[in-house]
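Right, one structure below, let's go through it.
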Amino acid sequence: MDIRRLGQGEALPLDLMLEADPSEELVRGYSAKGMVYAAEIDRRLVGVYALLPLSETVVEIKNIAVAEPERGKGYGKELVNHALEEAKRGGFKHVEIGTGNSSFDQLALYQKCGFRLKSIDRGFFTRHYPEPIIENGILCQDMVRLAYELK
């Protein structure tokens with residue numbers, strides 16, 4: 001799998017990014033302020049993630065998605081590890097990531113990659129998304145925030 005940063009003016013892989021974050025407005029907003037990386041196999045898009053600097057020392061993984069036919073093959077873990085390396089290369093000391101209270105697979109993945117629970121933003125998804133998000137049969141309401149300390 002080849003992972004590369006999208007160039008200036010290169011089209012966002014919006015369809016895939018919207019699978020991780022259903023708000024096109026939010027996706028376009030943080031993508032414009034951050035860096036977007038595409039993962040490809042044989043020139044076929046299989047994954048994407050975005051990094052958004054929050055301060056001189058903290059960067060957030062804002063969107064991480066793997067194309068549905070490619071899920072379960074370890075690509076999500078590769079994307080997370082690549083994001084951690086890019087953050088380190090960028091001089092950041094801490095990486096944060098947030099996901100929904102109903103996102104069990106993502107919560108497990110991030111913890112397996114070394115992230116630790118940091119906080120819960122109660123009501124985040126009901127405040128920022130007009131349509132209810134249902135995942136695993138559960139209403140997604142709260143943002144679970146995790147953090148990773150780079151060494």
Side-chain angles (χ1 to χ4, degrees), residues 1-55 57-118 124-125 128-129 131-138 140 142-151:
M1 179 167 66
D2 295 314
I3 303 174
R4 65 177 181 82
R5 183 174 171 183
L6 293 183
Q8 284 284 54
E10 193 172 352
L12 288 175
L14 202 53
D15 288 347
L16 186 53
M17 294 180 86
L18 289 173
E19 289 185 28
D21 184 339
S23 171
E24 183 174 342
E25 180 181 353
L26 290 176
V27 169
R28 288 190 184 280
Y30 56 69
S31 294
K33 295 175 187 170
M35 301 151 286
V36 178
Y37 295 81
E40 299 169 330
I41 296 176
D42 298 326
R43 296 186 182 192
R44 182 177 43 87
L45 182 69
V46 296
V48 65
Y49 74 87
L51 284 178
L52 178 66
L54 301 180
S55 72
T57 60
V58 181
V59 67
E60 182 175 359
I61 301 172
K62 286 296 290 183
N63 186 308
I64 188 162
V66 174
E68 192 166 356
E70 306 301 335
R71 293 179 190 158
K73 299 179 181 178
Y75 297 146
K77 186 173 185 176
E78 283 188 58
L79 289 171
V80 171
N81 288 332
H82 189 273
L84 294 173
E85 286 300 316
E86 286 297 305
K88 189 173 190 176
R89 193 175 359 264
F92 295 97
K93 304 294 182 207
H94 306 277
V95 180
E96 296 185 4
I97 195 165
T99 195
N101 60 281
S102 54
S103 302
F104 304 138
D105 292 339
Q106 293 88 333
L107 284 167
L109 170 64
Y110 303 150
Q111 290 178 85
K112 287 177 186 177
C113 289
F115 282 81
R116 303 278 313 272
L117 295 175
K118 180 181 178 191
F124 176 89
F125 291 99
H128 294 284
Y129 294 83
E131 299 295 321
I133 299 170
I134 306 293
E135 189 177 29
N136 295 312
I138 299 170
C140 183
D142 306 323
M143 167 82 73
V144 179
R145 302 217 30 99
L146 300 98
Y148 184 98
E149 188 173 334
L150 293 166
K151 295 183 171 107

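Just so it is clear, the structure is predicted and the values come from calculations on it, not from any experiment. Heavy atoms only: backbone and side chains are in, while hydrogens, waters and symmetry mates are out.
Closest approach of Ala87 to Leu51, counting heavy atoms only: N-CD1, 4.4 Å. Residues Leu18 and Ser23 come closest through the heavy atom pair CD2-C, 3.9 Å. Shown here for Ala65 and Ala20, the closest heavy-atom pair between the two residues is CB-CB, 3.9 Å. In terms of heavy atoms, Phe125 sits closest to Met143 at CE1-CA, 3.7 Å. Nearest heavy atoms, Ala39 versus Leu79: CB-CD2, 3.7 Å. Minimum interatomic distance between Ala11 and Leu6 (heavy atoms only, all atoms of both residues): O-CD1, 3.9 Å.
Side-chain atoms of Thr99 and Gln106 include no donor-acceptor pair closer than 3.5 Å. Side-chain contact annotation: Asn63 with Tyr49, donor-acceptor N/O pair under 3.5 Å absent. A donor atom on one side chain and an acceptor atom on the other are found under 3.5 Å apart for Asp21 and Tyr129.
Here the straight-line distance linking atom CD of Glu86 with atom OH of Tyr37 works out to 4.0 Å at 0.5 Å rounding. With rounding to the nearest 0.5 angstrom, the OG atom of Ser103 is 11.5 Å from the CG atom of Leu109. Interatomic distance, Ser55 OG to Glu60 CD, rounded to the nearest 0.5 Å: 11.5 Å. The CG atom of Leu150 sits 7.0 Å away from the NZ atom of Lys88 when rounded to the nearest 0.5 Å. From Ile64, atom CD1 reaches atom NE2 of His82 across 11.0 Å, with rounding to the nearest 0.5 Å. Between atom NZ of residue Lys62 and atom NZ of residue Lys33 there is a gap of 9.5 Å, rounded to the nearest 0.5 Å.
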| task | Quick one: do Leu52 and Val59 satisfy side chain to side chain contact (heavy atoms under 4.5 Å, CB included)? Show the steps, please. | result | CA-CA 6 Å; Leu52 178 66; Val59 67; 5.6 Å; no
| message | I'd like to know whether Lys112 forms a side chain to side chain contact (heavy atoms under 4.5 Å, CB included) with Lys77, so could you lay out the CA-CA distance, the side-chain angles of the two residues, the decisive distance to 0.1 Å, and finally the verdict. | response | CA-CA 9 Å; Lys112 287 177 186 177; Lys77 186 173 185 176; 5.7 Å; no
| said: For a ring-ring contact (aromatic ring centres under 6.0 Å, His included) check, start with the C-alpha distance between His94 and Tyr148, then their side-chain angles and the critical distance, and finish with the verdict. | reply: CA-CA 6 Å; His94 306 277; Tyr148 184 98; 9.7 Å; no
| query | Please walk me through it: do Lys73 and Glu70 pass salt bridge (charged side-chain N to carboxylate O under 4.0 Å, His left out)? | reply | CA-CA 6 Å; Lys73 299 179 181 178; Glu70 306 301 335; 2.9 Å; yes
| request: Kindly determine whether Arg4 and Glu40 satisfy salt bridge (charged side-chain N to carboxylate O under 4.0 Å, His left out), including the steps that lead there. | output: CA-CA 8 Å; Arg4 65 177 181 82; Glu40 299 169 330; 3.5 Å; yes
| task | Start with the C-alpha gap between Phe92 and Leu84, add the side-chain angles, then the distance that decides, and say whether side chain to side chain contact (heavy atoms under 4.5 Å, CB included) holds. | result | CA-CA 9 Å; Phe92 295 97; Leu84 294 173; over 6 Å; no
| query | Under the side chain to side chain contact (heavy atoms under 4.5 Å, CB included) criterion, do Val48 and Leu12 qualify, and how do the steps go? | reply | CA-CA 9 Å; Val48 65; Leu12 288 175; over 6 Å; no
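A salt bridge links Glu19 with Arg71: the distance from a Lys NZ or Arg NE/NH1/NH2 to an Asp or Glu carboxylate oxygen falls below 4.0 Å.
No more than 12 heavy atoms of other residues, nucleotides or ligands shown are found within 6.0 angstrom of CG on Asp15.
With Arg145 contributing its side chain and Glu96 its backbone, the two residues share no donor-acceptor pair below 3.5 Å. For the pair Asn101 (side chain) and Asp142 (backbone), a donor-acceptor distance under 3.5 Å is present.
Taking 4.5 Å as the limit, every side-chain heavy atom of Val58 sits out of range of all side-chain heavy atoms of Pro53. Proximity of Asp2 to Ile41: side-chain heavy atoms (C-beta onward) are nowhere separated by under 4.5 Å. Residues Tyr75 and Val80 are not in side-chain contact: their nearest non-hydrogen atoms beyond the backbone lie 4.5 Å or more apart.
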